[in-house]
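The structure under discussion appears below in the form of structure tokens.
All values derive from a computational prediction rather than experimental measurement.
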Amino acid sequence: MNQKRTFGSLLTLLGIAALIYGALGLLGKVGLSQINSLVPIGLGLIFFFAGISLVRATGDRA
């Protein structure tokens with residue numbers, strides 16, 4: 001099931017990107033207010049942990 005591992009990696013990368021975008025919003029570097037930057041941080045955490053758990057749960061088969 002290489003597709004599950006690929007999708008998990010994609011979710012993880014999207015989560016990291018959303019976390020970085022949200023952190024930049026908290027610092028005021030992008031056009032987000034501090035309260036609105038919590039949305040990308042929340043989604044980033046969900047995507048990141050979902051991707052990590054999907055990669056971890058998918059076993060390798062020869």
Applied to residues 9-24, the side-chain hydrogen bond (donor to acceptor under 3.5 Å, both in side chains) test, sequence neighbours excluded, yields none

side-chain hydrogen bond (donor to acceptor under 3.5 Å, both in side chains) pairs touching residues 36-50, sequence neighbours excluded, are S33-N36

Members sharing V39's hydrophobic cluster, built from side-chain contacts under 4.5 Å between Ile, Leu, Val, Met, Phe, Trp and Tyr, are L43

Grouping ILVMFWY residues whenever side-chain heavy atoms fall under 4.5 Å, the cluster of F7 otherwise contains L10, L11, L14, I46, F47, L54

Here the pair of heavy atoms bringing L32 nearest to P40 is CD1-CG, 4.2 Å

Residue set satisfying side chain to side chain contact (heavy atoms under 4.5 Å, CB included) with L27, at least two apart, ordered chain then number -> K29

Joining Ile, Leu, Val, Met, Phe, Trp and Tyr whenever any side-chain heavy atoms lie under 4.5 Å apart, the cluster holding V55 also takes in none

Quick one, N2 and T58 - any side-chain contact, counting heavy atoms below 4.5 Å? no

**Prompt:** Does F49 belong to the same Ile/Leu/Val/Met/Phe/Trp/Tyr cluster as L13, with side-chain heavy atoms less than 4.5 Å apart forming each link?
**Reply:** no

CG (L19) and CG (L45) are apart, to the nearest 0.5 Å, by 5.0 Å

